[in-house]
Amino acid sequence: MQDIQNVRVRFAPSPTGDPHVGVIRQALWTWLYAKKMNGKFILRIEDTDQTRYVEGAVDRIQNSLQWLGITWDEGPDIGGPYGPYFQSERKDLYKEAAEKLIENGFAYRCFATPDELREMRESQQAAKLPPKYDGRYRDYPKNDAEKRAESGEPYVIRFAMPQEGSTTFTDLLRGEITFENKELDDFVILKSDGFPTYHLAHVVDDTAMEISHVTRGEEWIPSTPRHVQLFNALGYKIPTWVHAPVILGPDGGKLSKRHGAKFVLEYAEEGYLSDALVNFLAITGWALDDHTEIFSRERLIEVFDLKDLSKNPSGFDQTKLEWMNGLYLREMEENDLVDIFVRRLERDLPAEIPRPIDWALVKELTPLVRERIKLLSELASLVGFFFTSDVPTPAAAEFLTKKWKDRSADAANALDSTSNILEPLPDWNADNIQQVMRNTAEKLEIRAGDFFSLTRIAVTGTRISPPLFESMEIIGQELCIDRIRQAANSLRNTPAS
RNA sequence: GGCCCCAUCGUCUAACGGUCAGGACGCGAGGUUUUCAACCUCGAAAUCGGAGUUCGAUUCUCCGUGGGGUCACCA
């Protein structure tokens with residue numbers, strides 16, 4: 001039996017912009033595993049590249065996670081026993097590690113300028129050689145290097161990769177992976193501005209923070225042998241590596257801003273439910289069995305395991321996400337959905353409509369529309385007519401299709417019949433409305449569907465609407481009759497064509 | 001190009017070496033129906049190719065092919 005280690009995993013984005021669904025899926029999987037194992041999920045900000053720092057990105061990252069319900073046990077905002085959680089505040093640690101490596105002969109100072117290195121690469125490429133740092137300072141006398149460093153000359157610190165043999169590591173999903181050391185060059189671990197590169201920083205931090213599983217995208221596989229060497233040179237224990245598949249964009253490239261990636265918060269904006277996005281993200285690249293695909297967060301935590309992740313990159317099936325969002329909309333607890341609808345309508349309904357939005361009214365219409373939308377963003381346009389007494393009568397052409405084509409007078413008469421029969425209706429409810437309107441249709445010998453469509457357009461303002469009679473019940477007798485009369489008049493004033 | 005990873009319906013995926021290769025989205029047909037949806041039924045749709053190993057390969061091995069990743073003082 002292996003030792004029951006405490007699971008400590010981390011999500012470590014760099015604050016260079018909004019997280020998109022690809023990186024957040026990675027965070028989700030990592031978080032699910034932490035929860036499942038009763039471990040800790042840590043948020044760490046990898047801000048070692050000052051030039052790429054984007055103002056506000058840290059907030060956007062946190063907001064994205066929060067929206068999805070991905071909570072962290074330690075992080076930049078709440079601190080924790082292994083802080084600080086900004087790498088920029090841990091500079092001394094990296095410097096110390098780098099210097100220790102120099103001392104032990106695992107690293108050295110390199111004074112090559114960026115221009116010099118660029119020229120080196122260009123000539124290598126011209127000679128059809130793979131571009132690699134050629135180790136020009138690897139054997140530079142240590143004393144001379146120290147002197148130049150002390151005189152203030154800029155330098156970087158490079159790791160001295162073994163030049164022979166190979167490096168093997170085990171990936172939880174893919175098993176053993178081996179790289180020939182001669183393929184790897186002496187990579188930079190500490191930049192001339194004193195900041196570490198990712199390679200050094202994450203090795204130092206993951207060790208200091210006692211990270212048990214390094215979860216990251218498979219694009220890191222090629223540099224993992226460097227990390228193995230670093231862990232070893234520093235005398236650190238190797239963590240468990242999990243290189244998860246990436247998400248591919250519509251063009252087949254790795255999902256990124258340039259390849260059609262959307263930000264997590266854009267999905268919130270467009271009216272996706274976070275439960276649906278979480279469910280969808282979890283099951284793209286992972287499956288429990290051959291038939292289950294709807295999972296609550298709780299259930300995911302129960303059944304998810306990193307080792308069951310798929311090995312191959314997946315596309316992002318936007319259409320299926322929409323379907324799933326619709327499904328969540330339909331299945332959700334009604335009052336919860338009403339809350340969500342109210343919030344959305346507060347935001348989306350035209351400014352003329354007085355606020356606050358009436359919760360009770362939304363509660364009434366929720367059953368009528370919940371199965372008719374896939375995205376919350378469709379809501380306002382579908383239910384707007386419930387919230388104003390001023391629904392403009394659509395143009396005549398809207399009424400005069402199919403059965404009513406070129407028959408504006410007949411249509412007007414049909415609407416008159418409708419208002420006349422509805423006017424004296426004692427009990428204004430959907431069933432009664434339906435009954436009298438059906439009777440009328442029958443009397444007039446008009447197909448029910450054709451007959452109702454006029455009223456639908458008059459009352460709701462559109463050809464496509466929530467169920468007519470229930471909507472009419474909600475709107476109220478007086479207002480409905482007003483709208484029907486208005487429509488009839490408008491049709492009478494339409495010149496026959 | 002070197003190195004590395006990966007390969008099942010269009011897409012996401014399931015299948016101790018033995019299944020009629022399963023499910024879901026989407027698509028098509030039908031049903032229900034006051035519009036639109038939703039819902040129900042049915043249908044079309046896949047193991048990249050070639051060698052092996054085996055009584056038997058989606059599954060194991062090798063070689064191709066294809067896709068992706070990576071080769072920075074970015075992560």
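Order of the sequence lines fixes the chain letters, A, B, ..., with proteins taken first and strands second; residue numbering starts at 1 for each chain.
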Side-chain contact, heavy-atom cut-off 4.5 Å: A/Ile283 with A/Met324? yes

Which of these nucleotides, B/G68, B/U34, B/C73, is closest to any side-chain atom of A/Gln434? B/U34

Whole Å only: how far is the CD atom of A/Gln124 from the P atom of B/C71? 15 Å

Mind checking A/Phe316 for me? I need base, sugar-phosphate or nothing, with any heavy atom below 4.0 Å counting as a touch. nothing

Touch class at under 4.0 angstrom, heavy-atom based, for A/Pro467 against every strand present: base

B/U41 pairs with which nucleotide, Watson-Crick or G-U wobble, both distances below 3.5 Å? B/A29

Does a nitrogen or oxygen in the side chain of A/Lys191 sit under 4.0 Å from OP1 or OP2 of B/A75? yes

Which one, B/C5, B/C36, B/C74, comes nearest to the side chain of A/Ile177? B/C5

So what does A/Ala430 touch, heavy atoms closer than 4.0 Å: a base, only the sugar-phosphate, or nothing? nothing

Within 45 degrees of the axis of the six-membered ring of A/Tyr85 and under 6.0 Å from its centre: does A/Arg44 put its NZ or CZ there? no

Short side-chain N/O contact to B/C39 OP1/OP2 from A/Arg330, under 4.0 Å: yes

First encountered from the 5' end of RNA chain B, between A/Glu218 and A/Leu468: A/Glu218

Nearest whole Å is fine: how far is B/G23 P from A/Trp323 CH2? 14 Å

Any side-chain N or O of A/Arg463 below 4.0 angstrom from OP1/OP2 of B/C36? no

Counting any heavy atom closer than 4.0 Å, what does A/Asp289 reach on the DNA or RNA strands: base, sugar-phosphate only, or nothing? sugar-phosphate

Donor-acceptor pair between A/Arg52 and A/Thr16 side chains, under 3.5 angstrom: no

P-based separation of B/U11 from B/U47 [nearest Å]: 12 Å

Partner of B/A51 by Watson-Crick or G-U wobble geometry, both contacts under 3.5 Å, or none? B/U61

Side-chain contact check for A/Pro131: nearest option of B/U35, B/A75, B/A72 is B/A72

A/Tyr198 atom OH is separated from B/C71 atom P, nearest whole Å, by 13 Å

Suppose you measure atom C1' in B/A45 against the same atom in B/C36; what distance do you get, rounded to whole Å? 29 Å

Classify the nucleic acid contact of A/Ala448 as base, sugar-phosphate or nothing, counting any heavy atom under 4.0 Å across all strands shown. nothing

For A/Pro367, report the nucleic acid contact type (base, sugar-phosphate, nothing); a contact means any heavy atom under 4.0 Å. nothing

Sticking with atom P, work out how far B/C5 lies from B/C63, rounded to a whole angstrom. 12 Å

Please report the distance separating the P of B/G69 from the corresponding atom of B/C12, rounded so that it comes out in whole Å. 15 Å

Take atom C1' in B/C9 and the same atom in B/U58, then report the distance between them in whole Å. 13 Å

Using OP1 and OP2 only, check whether a side-chain N or O of A/Arg158 sits under 4.0 Å from B/C73. yes

I'd like the C1' distance from B/A46 over to B/A15, given in whole Å. 14 Å

Please work out if A/Pro466 contacts a base, only the sugar-phosphate, or nothing of the nucleic acid, heavy-atom cut-off 4.0 Å. base

Heavy atoms from C-beta onward define the side chain here; which of B/C12, B/U34, B/C74 lies closest to that of A/Lys320? B/C12

Gap in Å between the two C1' atoms, one belonging to B/U41 and one to B/C4, rounded: 49 Å

Consider the side chain of A/Ser314, meaning its heavy atoms from C-beta on, and name the nucleotide among B/U34, B/U13, B/C74 that approaches it most closely. B/U13

Give the rounded distance in Å between these two atoms: CG of A/Leu321 and P of B/A24. 18 Å

Can the ring centroids of A/Tyr133 and A/Phe187 be said to lie less than 6.0 angstrom from one another? no

Within 6.0 Å of CD in A/Gln125, more than 12 heavy atoms from elsewhere: yes

Do you know the tightest heavy-atom contact between A/Lys307 and A/Leu173? O-CD2, 3.8 Å

I need the CG-P distance between A/Leu117 and B/C74, as an integer number of Å. 12 Å

Which part of the nucleic acid does A/Ile283 contact within heavy-atom distance under 4.0 Å: base, sugar-phosphate only, or nothing? sugar-phosphate

Ranking B/A14, B/C6, B/U70 by distance to the side chain of A/Pro313, first place goes to B/C6

For the C1' atoms, the ones on B/C3 and on B/A21, what distance do you get once it is rounded to whole angstrom? 35 Å

Considering only heavy side-chain atoms of A/Glu293, the closest of B/G69, B/U34, B/A24 is B/A24

Measure from the side chain of A/Thr284, starting at C-beta and using heavy atoms only, and say which of B/C12, B/A37, B/C25 lies closest. B/C12

A/Thr319 or A/Arg121: which one's nearest nucleotide on RNA chain B is closer to the 5' end? A/Thr319

Just to be sure I understand the rule, does A/Thr48 reach a base, reach only the sugar-phosphate, or reach nothing, if contact means heavy atoms closer than 4.0 Å? sugar-phosphate

Hey, are the side chains of A/Arg158 and A/Arg138 touching, using non-hydrogen atoms and a 4.5 Å cut-off? no

Atom-to-atom span, CG of A/Leu368 to C1' of B/U34 - whole angstrom: 13 Å

Could you tell me whether A/Phe316 and A/Phe280 have their ring centroids closer than 6.0 angstrom? yes

So what does A/Arg174 touch, heavy atoms closer than 4.0 Å: a base, only the sugar-phosphate, or nothing? sugar-phosphate

Please classify the nucleic acid contact of A/Gln50 as base, sugar-phosphate, or nothing, using heavy-atom distances under 4.0 Å. nothing

Row check, A/Tyr140 ring normal vs A/Arg109 NZ/CZ: under 6.0 Å, within 45°: no

Whole-Å distance, A/Asn312 CG to B/U58 C1', equals 13 Å

Select one nucleotide: of B/U35, B/A75, B/U13, the one nearest the side-chain heavy atoms of A/Glu46. B/A75

Please classify the nucleic acid contact of A/Gly326 as base, sugar-phosphate, or nothing, using heavy-atom distances under 4.0 Å. nothing

Centroid-centroid distance, A/Trp29 to A/Phe11, less than 6.0 Å: no

What's the CZ-P distance between A/Arg216 and B/C74, to the nearest Å? 17 Å

Mind checking A/Val156 for me? I need base, sugar-phosphate or nothing, with any heavy atom below 4.0 Å counting as a touch. base

Testing B/U70, B/A37, B/A75 for proximity to the side chain of A/Arg372, the answer is B/A37

